[in-house]
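Each remark here refers to the structure printed beneath this line.
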Amino acid sequence: MSAVYKYRYDATLLALFIVANIILRLYSIDGATFTEGADSSQYFKPAINLATHGEFSESGGSVFTKGTPLYSIFLSIPFKLQGFYESETTIIFFQSLMLFITGMVSKSIFLQLSELRKGGYLVHGLVIFNPNSLITSHLIQSETLFTLLLVSTLYFSLDFLKRYNKKSALYGGLFVGLLALTRPAGMYFVFAIPLFLLVAYFINERVLNPQSTTNRIKGYIYGLAGFILVAQMVVMPWYVRNYVETEQFFLSSNSGYYLKDQYIQLLRVGRQWSEKQAIEHIKLLQKDYYKKNQVDDLCIKDERHWSCRNYLFNSILSGIVKEPITNHVKAFIQSWGDLYLSGGARNFRNYFGMSGKDKIVSFQKDKYSGLHGIVNFVRSIDLPYLTILILTTGFSFVTRIAGIVGLIYLIKNRRVWPYMIVIVGVIILFTAMYLYLGQSRFRVPLEPFLMIFAVFGAYNFPIKIMNKFKK
């Protein structure tokens, strides 16, 4: 591929990306970036306090422990320089830039698996024009930054696996540390990715190259140790800060509350309850648990207080483990279906201020009725929202089908087995983390890898069809 062609492709892609973002911005309602992103306040409130008072705190001055700081630090810079609502366009610009760079890094990951350079450009295009990722970059949600850091971590991890370059391992540790400071879930990857890389090493050296006489395991282990050490050095200041503020050592106090949301969804789907019924059940469960364990009254009044995090987590867990297996299975199926097939239409609807938001809220809170409820919901919405729903969900379905074909192709290709151990391991871990509460926005960090699979499928499916006709 000539340099002129590559330049034209990059320039065209960038120009189309700019136009797409301008159109989205022009048709959005005022302040949508701040008001329409789910959980946006948990990021912009600490950012406002950081910009105004120079400290991480909640509204009212209580210490901020419900999350990690990096995304709020990012938001606080334009808040400080421009003001709150005045910074909306600036935030969209930088998050869109993050998305474009994510596409570039995803292209590089694709080229670690294949020499098909045109396929790399297709990956770039699918990542940045993915409806789910594109609309998320216009909202106050940490997924865009998290995704950039995740693909950067994977790029350097795979480079370390390929070339045994210890610098790549250290860079991987840096980015995974920043990942954990963006969302607490990133901490799982600090230890999971080195484990995946270790398995990949043995696949590469013992299965694919059994005749190799080179023993590089010692240097490889040093590289993995460096990965973990650098990551721990990055996250340690936040642990220390929390210890100074609370005299307890933890990354985030939000795990119990997050698990409570999971349990609400498990009860809704498994028992076919309304959200209100699920919440009332959990209140009784917590009250009984707190009474038996003589928990301080503070945790009854403010369950999200940092000192209550273990009590809340354990009380919710005690209820989850008592649910019948069939309820777990139903909730998992529903969650994973939403995680991998929903297209982000709700974010588009909210961002454009289209009618029907009350119907979405009612659908989420009313008694769960499975497919029947979904059909009734689709019938109740107006044509513009239905169009967006069809287009975004259609994109998800088409790319999932192509992705399955691509995944099968990659599994049959022994050369890429070590890389697939790492990539598929990350996808499985993500899927497990979201348990019963799968949503389109939670899939944003996985979109680059799903698009890579889709491109492999798109290139190899026609070849298989032609080969069958030849036979």
Side-chain angles (χ1 to χ4, degrees), residues 6-22 24-25 33 37 43 70-75 77-78 87 89-114 117-160 167-168 170-183 186 189 193 234 344 422-423 426 430 441 443-455:
K6 287 189 289 184
Y7 171 78
R8 286 180 179 175
Y9 190 95
D10 287 333
T12 301
L13 204 60
L14 179 59
L16 292 173
F17 184 66
I18 292 172
V19 170
N21 280 282
I22 290 174
L24 284 178
R25 182 75 177 103
T33 299
Y43 299 110
L70 190 59
Y71 187 60
S72 293
I73 292 173
F74 160 71
L75 294 176
I77 297 172
S87 63
T89 300
T90 301
I91 291 170
I92 293 171
F93 170 80
F94 280 106
Q95 291 195 161
S96 299
L97 180 61
M98 289 179 199
L99 177 57
F100 193 82
I101 297 172
T102 297
M104 295 173 65
V105 180
S106 303
K107 176 180 70 174
S108 298
I109 292 175
F110 177 87
L111 294 176
Q112 289 175 319
L113 304 174
S114 171
R117 186 158 292 276
K118 288 184 179 180
Y121 284 109
L122 183 55
V123 167
H124 191 179
L126 285 174
V127 168
I128 65 175
F129 291 112
N130 184 305
N132 191 27
S133 302
L134 186 61
I135 192 62
T136 300
S137 68
H138 281 244
L139 302 171
I140 297 291
Q141 291 180 326
S142 62
E143 276 79 10
T144 301
L145 175 59
F146 191 89
T147 306
L148 174 58
L149 295 172
L150 180 64
V151 296
S152 299
T153 300
L154 263 290
Y155 171 76
F156 285 110
S157 298
L158 296 180
D159 187 67
F160 171 64
K167 278 188 178 181
S168 292
L170 299 181
Y171 280 125
L174 171 64
F175 282 109
V176 81
L178 295 174
L179 191 73
L181 289 181
T182 303
R183 295 186 68 142
F189 297 97
I193 289 178
V234 172
V422 181
I423 295 173
V426 167
F430 252 102
R441 74 181 180 99
R443 191 180 70 243
V444 171
L446 298 181
E447 294 288 14
F449 312 113
L450 298 177
M451 295 305 101
I452 287 172
F453 292 164
V455 169

- Message: I'd like to check Y9 versus L13 (side-chain heavy atoms, cut-off strictly below 4.5 Å). Are they in contact?
- Response: yes
- Could you check if a side-chain atom of L150 sits within less than 4.5 angstrom of a side-chain atom of F449, using non-hydrogen atoms only? yes
- Query: When rounded to the nearest 0.5 angstrom, what is the spacing between NZ in K107 and OG1 in T102?
  - Reply: 13.0 Å
- Donor-acceptor pair, side chain of S72 and main chain of Y43, under 3.5 angstrom: yes
- Does a salt bridge link R443 with E143, judged by any charged N lying under 4.0 Å from a carboxylate O? no
- Item | Minimal non-hydrogen separation, V444 against S133, with atom names | CG1-OG, 4.0 Å
- Task: Using modelled atom types only, decide if a donor and an acceptor are shared between the side chain of Y155 and the backbone of S108 within a distance under 3.5 Å.
- Result: no
- Query: Does N21 reach the side chain of L134, with side-chain heavy atoms less than 4.5 Å apart?
  - Reply: yes
- Message: I want to check something: taking the side chain as every heavy atom from C-beta on, are V127 and E447 in contact at a cut-off of under 4.5 Å?
- Response: no
- Query: How many angstroms lie between CG in L450 and CG in N130, if you round to the nearest 0.5 Å?
  - Reply: 8.5 Å
- Between CZ of F17 and CG of L97, what distance do you get to the nearest 0.5 Å? 8.0 Å
- Message: I'd like to know if the side chain of T153 reaches the main chain of V176, judged simply by a donor and an acceptor atom lying under 3.5 Å from each other, with no hydrogens or angles considered.
- Response: yes
- Is the shortest heavy-atom distance from the side chain of H138 to the side chain of Q95 under 4.5 Å? no
- Could you give the distance from CD1 (I423) to CG (L446), rounded to the nearest 0.5 Å? 11.5 Å
- Rounded to the nearest 0.5 Å, what separation is found between the CZ atom of R441 and the CG atom of L139? 9.5 Å
- Message: ring-ring contact (aromatic ring centres under 6.0 Å, His included) for F430 and F189? Distances and angles first, verdict last.
- Response: CA-CA 10 Å; F430 252 102; F189 297 97; 5.2 Å; yes
- Message: Measuring from atom OG1 of T144 to atom OH of Y71, what distance do you get when rounded to the nearest 0.5 angstrom?
- Response: 6.5 Å
- Should we count OH of Y171 as having more than 12 external heavy atoms under 6.0 Å? no
- Item | Any donor-acceptor N/O pair, S114 side chain to F110 backbone, under 3.5 Å | no
